[in-house]
Amino acid sequence: MTIKILLPFIAATFVYSGYVSAQTRSPKPAVSPSKPTVPKVVQPKWKVFTPPDKSFQVLMPGRPKRKTQVQKTYMGEIKLEIFAAQPPEQEVAYLVTYNEFPYSYAQMTNPQKILDQAQDNTLKATQSNLVSQRNIRSSNGQPGKEIEYVDSAGKVTINRMYVAEGRLYQVIGIVSKKQRSTLAKTITGYLNSFQLVVRK
């Protein structure tokens, strides 16, 4: 079967396929008949993370795991880099992904068109309903888009996408419906901490 869509638009499919799941079950604490125990929530230590190519900075709850996926498309092979972190005891995942477009495609295609296509294909790939969308810009003025959507399992995803220097960056927070209100400020802070760095 020939793949007719670009890898960045498949990123959400990869994320939801099992590499990262915001539906992880918290371990149940042992309960003593005489003295009930209160589950201890481990608070992650947030640190600034910079990838090897130093193309961005973002606050992450610990050092994220790195995963690389190469996908064949009609434009040739495209490599997707994924950095993901999941704090223990929480039903949430924080991810940053990016991939480079072929030079000719990046030069000829309007950034807004890339962002709109990314939105459409992400919603289809994850079978999600769009909650909100808005155009944004990165801290250094690159065009972007923020979308929030909910999948059939109730997971809420906020995805900020940016087109810069021939790449599509996606900064993603995925949280269970149960913990959405509890972690809303944390997810917003994470998304706001993302900064693109102009490569030289």
- prompt: CD of Gln119 to CG of Asn121: how many Å apart, nearest 0.5 Å?
  reply: 10.0 Å

query: So which heavy atom on Tyr190 is nearest to which on Gly173, and how close?
result: CE2-N, 4.4 Å

field: Minimum heavy-atom distance between Leu80 and Ile82, given as atom pair plus value
entry: CD2-CD1, 3.7 Å

field: Donor-acceptor under 3.5 Å (Glu146 side chain, Gln133 main chain)
entry: no

Exam field: side chain Ser138 to backbone Gln142, donor-acceptor pair closer than 3.5 Å: yes

task: With Val156 as reference, evaluate Leu183, Ile174, Val175 under the side chain to side chain contact (heavy atoms under 4.5 Å, CB included) test and give the passing residue.
output: Val175

Using a strict cut-off of less than 4.0 Å between a Lys/Arg side-chain nitrogen and an Asp/Glu carboxylate oxygen, indicate whether [X] and [Y] qualify as a salt bridge.
X: Arg167; Y: Asp53; result: yes
X: Glu148; Y: Arg160; result: no
X: Lys79; Y: Glu100; result: no

query: Looking at Tyr94, Phe49, Tyr98, Phe56, which one forms a ring-ring contact (aromatic ring centres under 6.0 Å, His included) with Phe194?
result: Phe56

field: Side chain proximity check, Arg134 to Ile136, heavy atoms < 4.5 angstrom
entry: yes

field: Flag for Thr68-Glu81: side-chain donor and acceptor within less than 3.5 Å
entry: yes

